[in-house]
Amino acid sequence: MAFRQAIQQSALDRRETALWPRTREELEVRQAALAGRREPPWRPSVEPAATAGCAVCFGPAEAGRERAWAAAAFAGATRGRRALAVGQVDAEYEPGLMALREGPLLEAAVRALPQAPEVLIVPAAGRDHPRRAGLAVHLGAVLGLPTVGLTRRPLVASGPMPKAAAAGSLSVLMIDGEPVAAWVRTRAGARPLVVHAGWRTSVQTAIEVVLASCAGRRFPEPIREAREAARRERSRALR
DNA sequence: GCGACAG
DNA sequence: ATCTTGTCGC
């Protein structure tokens with residue numbers, strides 16, 4: 001049955017945990033494989049789509065490891081609309097390999113959400129990546145959820161920022177003639193953000209998802225909520 | 001002079 | 001990301 005199948009595909013298994021690569025070599029192989037997979041493009045069934053965001057923040061390192069707090073949230077996140085995940089990470093930050101650091105924790109936070117989102121905004125690159133599979137793409141594949149990536153600047157692609165100061169003005173970023181992301185002014189007069197095509201999303205769809213959730217602010221509401229939740233938990237734990 | 005490769 | 005100084009707008 002198509003209906004039942006759709007439900008199973010959109011529902012998050014809250015107990016299952018994926019195995020993330022532990023080394024640079026393993027991750028690079030995985031990324032190359034992910035980039036080759038061609039899943040059916042996703043489009044919001046109803047607008048606005050149920051959009052969630054996620055975030056991670058780090059604390060002082062202890063014994064070589066860093067403590068980290070992750071959160072996932074829907075807009076207007078209150079109790080019941082967000083979730084947390086805490087852990088340690090030993091991988092250092094390295095452009096192109098962010099999944100080693102943030103993948104497991106972000107997955108845990110999203111899976112802990114009481115409801116499965118229709119689409120997830122990830123604070124990381126998507127298709128604009130050395131192997132076309134940034135953390136936004138990887139996390140979407142692991143969760144079986146459409147994702148879009150959102151960063152302050154491009155990772156690989158380069159191009160001029162939109163000239164117009166109006167919210168919604170944009171300029172597409174390409175790699176080898178393929179659209180991978182776009183500079184998007186999410187708020188009038190503010191510096192544009194880079195919106196990336198992610199897991200099962202095109203640049204166009206990614207832009208629609210992000211613009212629909214910004215509500216007059218530079219960052220999408222779900223991302224702001226998740227970021228705030230993670231930082232608040234960190235300060236609570238560190239105190 | 002330094003950085004210019006996501007967070 | 002995190003930190004820190006400086007500027008802008010309500």
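Numbered from 1 within each chain, the chains take letters A, B, ... in sequence-line order. Remember, it's a predicted structure, so these values are computed and weren't measured experimentally.
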Does A:R231 put a side-chain nitrogen or oxygen below 4.0 Å from OP1 or OP2 of C:dA1?
yes
Rounded interatomic separation in angstrom, taking CG from A:L238 and P from C:dA1
17 Å
What contact category does A:H196 fall into here, base, sugar-phosphate, or nothing, at under 4.0 angstrom with non-hydrogen atoms?
nothing
Whole-Å gap separating P (C:dT2) and CD (A:E92)
16 Å
Counting N and O atoms only, with roles assigned by atom type, does the side chain of A:S213 sit under 3.5 Å from a partner on the main chain of A:P220, one being a donor and the other an acceptor?
no
Of the nucleotides B:dC5, B:dG7, C:dT2, which one has an atom closest to the side chain of A:T151?
B:dG7
Tell me: CZ of A:R227 to C1' of B:dG7, nearest whole Å?
10 Å
When you measure from the centre of the six-membered ring of A:F219, is the NZ or CZ of A:R227 closer than 6.0 Å and no more than 45° off the axis?
yes
Under-4.0 Å side-chain N/O to phosphate OP1/OP2 contact, A:R101 with C:dA1
no
B:dC5 OP1/OP2 closer than 4.0 Å to side-chain N/O of A:R131
no
Take the protein atom CZ of A:F58 and the nucleotide atom P of C:dC3, then report the distance between them rounded to whole Å.
13 Å
Can a salt bridge be assigned to the pair A:R81 and A:E225 using a cut-off of 4.0 Å between side-chain N and carboxylate O?
no
Length of the CH2-C1' vector between A:W69 and C:dT2, whole Å
13 Å
Gap between atoms CG and P, on A:L155 and B:dG7 respectively (whole Å)
9 Å
Assess the side chains of A:E26 and A:W20: does a donor N or O sit below 3.5 Å from an acceptor N or O?
no
Pick base, sugar-phosphate or nothing for A:L193, based on heavy-atom distances below 4.0 Å to the nucleic acid.
nothing
Spacing between A:R67 atom CZ and B:dG7 atom C1', to the nearest angstrom:
20 Å
Quickly work out the A:R217 CZ to C:dC10 P distance and round it to whole Å.
14 Å
Could you tell me whether the side chain of A:E47 and the main chain of A:A212 form a donor-acceptor pair under 3.5 Å?
no
